[in-house]
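See structure below.
Whatever order the structure lists them in is the order used to number ligands and atoms, beginning at 1.
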Amino acid sequence: MTKHKFPPIVVLTGAGVSAESGLPTFRGTGGLWQGYRVEEVANPAAFRRHPELVHDFYNWRRKALLDPRVQPNPAHRALAELQQLVGPEHFYLVTQNVDDLHERAGAKQVHHLHGELLKVRCSETGEVWPWVTDLHVETPHPSRPELRGTLRPHIVWFGEQPLKLTEVYRHLQQCGLFIAIGTSGNVYPAAGFVQATPPGCRRIELNLEDTPTSPEFHEHRRGPAGDLVPALVRELQVLWDSSSSEC
Ligand code: OAD
């Protein structure tokens, strides 16, 4: 029987992992949408006041994601390979991204902390459906025609609770290797995940530049995720092979 003494891995990804796929980040240059900051449109009060404006923002982002030129990049693919190699009991992928590029690269059980762009939710019933077209105030409810204007993007807005946080903290507490990729460390609770890992956990940050949470990490690798992630995964593959022992 093959036994592995490999530390459980938690990977946190942010907008930077999808930047090389052609999706803009939030806080880089050009991070504004029609003059609005994301915080101004991604919040429940904005949706109550100007639902069409908020729908327009997510319709635009959904269209951008479905552009055939937007495809998973080597970072997404390397993470999917790592998951396949070490297995789900050793690998937990939590993303702040609402795109589906991890899944398209082959990753399974991706935890979308901030929701998913290709899903809508009924704010009355909580039901969630896959969605690839534009959404408007007048879009009919899929199963309850008497409900009007209750459909919203399945996105966690500012001021709302990220999805399944208890599950994330459970994984963080057991984790022996924490890797943060392409996130600016500005938005909590995700920015605080690194501090929730146990004292012996190895913490690696992959980013183009330093972030406010960089001091919490043991290792910093600077450059594009499309280069850094495949290189790190190759290193981990070697460690994984050497951690296998016959018993
Ligand atoms: P940000 O836009 O805040 O940060 C992106 C990070 O990726 C920055 O630190 C960049 O330096 C880095 N980066 C950019 N291109 C990169 C590349 N090619 N390779 C490696 N790193 C790169 O995005 P997030 O941290 O994901 O929330 O933002 C967190 C949350 O803020 C988002 O989920 C969203 C936003 O408001 C909601 O909408 C609720």
Glu89: side chain to side chain donor-acceptor pair (under 3.5 Å) partners, not counting sequence neighbours = none
inquiry  = When you measure from the heavy atoms of Ala190 to every atom of ligand 1, does any distance fall below 4.0 Å?
reply    = no
Atoms of ligand 1 less than 4.0 Å from [X] heavy atoms?
| X | result |
| --- | --- |
| Gly14 | 26 (O) |
| Ala15 | 23 (O), 24 (P), 26 (O) |
| Gly223 | 19 (N), 20 (C) |
| Val156 | 39 (C) |
| Glu209 | 11 (O) |
| Thr25 | 2 (O), 14 (C) |

task = Answer yes or no: is there a donor N or O on one side and an acceptor on the other, between the side chain of Asn97 and the main chain of Asp99, under 3.5 Å?
result = no
ask   = When you measure from the side chain of His218 to the backbone N and O of Arg203, does any donor-acceptor pair fall under 3.5 Å?
value = yes
Could you tell me whether some N/O pair between [X] and ligand 1 is separated by less than 3.5 angstrom?
| X | result |
| --- | --- |
| Asn97 | no |
| Ala42 | no |
| Ser184 | yes |
| Gly182 | yes |
| Pro224 | no |
| Asn186 | no |
| Thr211 | no |
| Leu206 | no |

message = Are Ile9 and Trp240 linked, directly or through intermediate hydrophobic residues, by side-chain heavy-atom contacts shorter than 4.5 Å (ILVMFWY only)?
response = yes
Is it the case that [X] and [Y] place a side-chain donor and acceptor less than 3.5 Å from each other?
| X | Y | answer |
| --- | --- | --- |
| Glu205 | Ser214 | yes |
| Glu160 | His114 | no |
| Thr139 | His55 | no |

Indicate, as side chain, backbone, both or neither, the part of [X] found under 4.0 angstrom from ligand 1 when only non-hydrogen atoms are considered.
| X | answer |
| --- | --- |
| Val38 | side chain |
| Phe158 | side chain |
| Glu20 | side chain |
| Val187 | side chain |
| Ala19 | side chain |

query = Which residue from Thr13, Leu228, Leu208, Thr213 reaches closest to atom 15 (N) of ligand 1 through any of its heavy atoms?
reply = Leu208
request  = Look at atom CD of Gln84 and say whether more than 12 heavy atoms of other residues, nucleotides or ligands are closer to it than 6.0 Å.
outcome  = no
Basic-acidic side-chain contact under 4.0 Å: [X], [Y]:
| X | Y | value |
| --- | --- | --- |
| Glu127 | Arg121 | no |
| Arg144 | Glu124 | no |
| Arg221 | Glu219 | yes |

inquiry  = Using the rule given for side-chain contact (heavy atoms from CB on, under 4.5 Å), can you reason through Arg222 versus Asp210, listing the C-alpha separation, both sets of side-chain angles and the distance that settles it, and then say yes or no?
reply    = CA-CA 8 Å; Arg222 296 290 171 249; Asp210 285 351; 2.9 Å; yes
inquiry  = Taking transitive links into account, so neighbours of neighbours count too, which hydrophobic residues share a cluster with Val94 at under 4.5 Å side-chain distance?
reply    = Val10, Leu12, Tyr92, Leu113, Leu165, Val168, Tyr169, Leu172, Phe178, Phe193, Val194, Phe217
